[in-house]
Amino acid sequence: MWQLETNVNINPSVLEKSQLALTQILNRSDVGFKEIEHFQKAIEASVQHKSLYTKYKKLVIIGFGGSSLGTKALSYALFPAEVQNKLHFVDNVDADTIDQMIHQLTDLHEVGWVLCSKSGSTIEVLSLYEYFFSALKRAHNFSIIKNTIVITENRTNPLFHFAQQNSIVALDIPQSIGGRFSAFTTVGLFPVGLLGFNFDKSILGFEEALENKKLIVQLSALLFESQLRKESTFYSFQYSDRLFYWSLWLQQLWSESLSKKTNRKGEPAPINSTLVPCRGASDQHSVLQQVMQGRDKKLVGFHRIESS
C-alpha cells in the first residue's frame, strides 16, 4: 500500500483541479494503460506461452525506452536476486558490451531472445538483433530465430512482418497504450513470468491501485503546485536499491509526458521541471550541496519500501 507524507500544504483548489484531471483521464477511451481488460489479456497471453518459461533459463531483451525501462522497474523491484541471472537487457549500442555478451553466452538452446518495439520499426532493435544473429551463427553455427519472441503492435510493421515470415510467437501491445506506459502489457509481464511473477495476485494489485484515487489526487496536486512555484528540478531519492530502475522509469514518464512544446489544445505548454533520479546515501553525498544551497528552486521526494 502506497502512502504519502509531506510537509507542504496543498491548496484545496489545486486538489479540486487534480480530482477533475483524474476523472478526465479515467473517462478517456484512448488512454488504455488504466484498463484492466488489457492487463488481463496480457496475463492470458503470457500464461498461454508458459512453456517458454521452462524452455528458457535466460531471456535477452532487446528494447529501448518504454520497451525496457518499465520491465526493468518491475524486475528489479520484485525479483532483485533472480533478475541478474535470468534477464539480460540490451538497451544501448555499446559494441564492447555487446561483444562481451556474445562471448559469455553459453547453452544457446536455453536462451530466449525477446525483440520489443511498439512501433515495430525501432532501428536499434532491428540492427542489434541482426548483429547477434550473424555473430552467433558465425561463431556457433546456431540460429537464434527459433528461440525468438516478438512483442509489438498487431499490425503491419517490420517486426510483425518478420515474426509472420519466420513463424515466430508475436505478443501484442495494444495500440491505445503508449510505449512508456506499456510495463503492464506483455512488454513487462512476459519477462517477469520467467522470474516467477504471481499473475493472479497482480490483478488484485492493479485493482487496488485504481481504487486508491485519494493518493493519486494528493500526489498530483503536490507536483502541480511545484510547477506553479516554478521549481526547476525534482530530485527523486530512492534509498532502496530495488527502486532504482523504478526511478529511471519515472524519469521517462515525467520527461516524455510533460515536456511538450504545446498542450492538447495546441497552446504553448508550461515549462516542466527536470526529474533527477538519485540513489540513496550515495547521491546524498554527491548532489546534496546543490539541493540545499543551489540557486534554483526545487522539489525533493523520498521513496522507500516499508520492509527496509
Six-ring centre of Phe89, Lys72 cation under 6.0 angstrom, axis tolerance 45°: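 Verdict for Phe89: a cation-pi partner in Lys72.
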
Is [X] reaching over with its side chain to a backbone N or O of [Y], donor-acceptor style, under 3.5 angstrom?
X	Y	result
Asn263	Glu267	yes
Lys213	Leu210	yes
Thr185	Ala42	no
Gln238	Pro277	no
Asn166	Ile168	no
Asp172	Asn154	yes
Thr262	Pro268	no
Trp254	Ser259	no
Lys260	Glu256	yes

Spacing of [atom1] belonging to [X] relative to [atom2] belonging to [Y], to within rounding of 0.5 Å:
X	Y	atom1	atom2	result
Thr156	Leu159	OG1	CG	12.5 Å
Leu4	Ile216	CG	CD1	12.0 Å
Asn92	Phe64	CG	CZ	6.5 Å
Phe33	Arg180	CZ	CZ	9.5 Å
Glu208	Ser202	CD	OG	12.5 Å
Glu306	Arg304	CD	CZ	8.5 Å

Locate the shortest heavy-atom distance separating [X] from [Y]; write the atom from each residue and the value.
X	Y	answer
Gly66	Val187	O-CG1, 3.9 Å
Leu87	Ser75	CD1-OG, 3.4 Å
Ile10	Ala221	CG2-CB, 3.6 Å

Heavy-atom distance under 4.5 Å between the side chains of [X] and [Y], does that happen here?
X	Y	result
Lys86	Phe79	no
Ile102	Tyr131	yes
Val90	Val60	yes
Asp241	Pro80	no

Does [atom1] belonging to [X] count more than 12 external heavy atoms closer than 6.0 Å?
X	atom1	result
Glu130	CD	no
His140	NE2	yes
Ile271	CD1	no
Asp94	CG	yes

Given the side-chain rings of Phe142 and His109, with only the six-membered ring counted for Trp, is the space between their centroids under 6.0 Å? yes

Check step by step if side-chain contact (heavy atoms from CB on, under 4.5 Å) holds for Gln40 and Phe206. CA-CA 10 Å; Gln40 291 171 325; Phe206 192 95; over 6 Å; no

Among side-chain atoms of Ser220 and Ser18, is any donor-acceptor pair under 3.5 angstrom?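 Ser18 and Ser220 do not have a side-chain donor-acceptor pair below 3.5 Å.
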
State whether a side-chain donor-acceptor pair under 3.5 Å links Ser273 with Glu231. no

Could you pull out all donor-acceptor pairs under 3.5 Å where a side-chain atom in residues 293-300 meets a protein atom, sequence neighbours excluded?
residue: Gln293; atom: OE1; partner: Gln289; partner atom: NE2; Å: 3.0
residue: Lys297; atom: NZ; partner: Arg229; partner atom: O; Å: 2.6
residue: Lys298; atom: NZ; partner: Gln290; partner atom: O; Å: 3.4
residue: Lys298; atom: NZ; partner: Val291; partner atom: O; Å: 3.3
residue: Lys298; atom: NZ; partner: Gly294; partner atom: O; Å: 3.2
residue: Lys298; atom: NZ; partner: Asp296; partner atom: O; Å: 2.6

Among Ile98, Leu115, Thr122, which one satisfies side chain to side chain contact (heavy atoms under 4.5 Å, CB included) with Leu128?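 Considering Ile98, Leu115, Thr122, a side chain to side chain contact (heavy atoms under 4.5 Å, CB included) with Leu128 is found only for Ile98.
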
Mind checking whether [X] and [Y] have parallel, tilted or perpendicular rings, split at 30° and 60°?
X	Y	value
Phe237	Phe302	parallel
Phe39	Phe184	perpendicular
Tyr129	Trp113	perpendicular

Start with the C-alpha gap between Glu153 and Arg155, add the side-chain angles, then the distance that decides, and say whether salt bridge (Lys or Arg N to Asp or Glu O under 4.0 Å) holds. CA-CA 6 Å; Glu153 288 184 340; Arg155 62 179 179 83; 2.3 Å; yes

Qualifying salt bridge (Lys or Arg N to Asp or Glu O under 4.0 Å) pairs, either residue in residues 30-55, two or more places apart: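 Salt bridge (Lys or Arg N to Asp or Glu O under 4.0 Å) check on residues 30-55 returns Arg28-Asp30.
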
Applying side-chain contact (heavy atoms from CB on, under 4.5 Å), can you list everything that pairs with Lys57, at least two apart in sequence or on another chain? Glu110

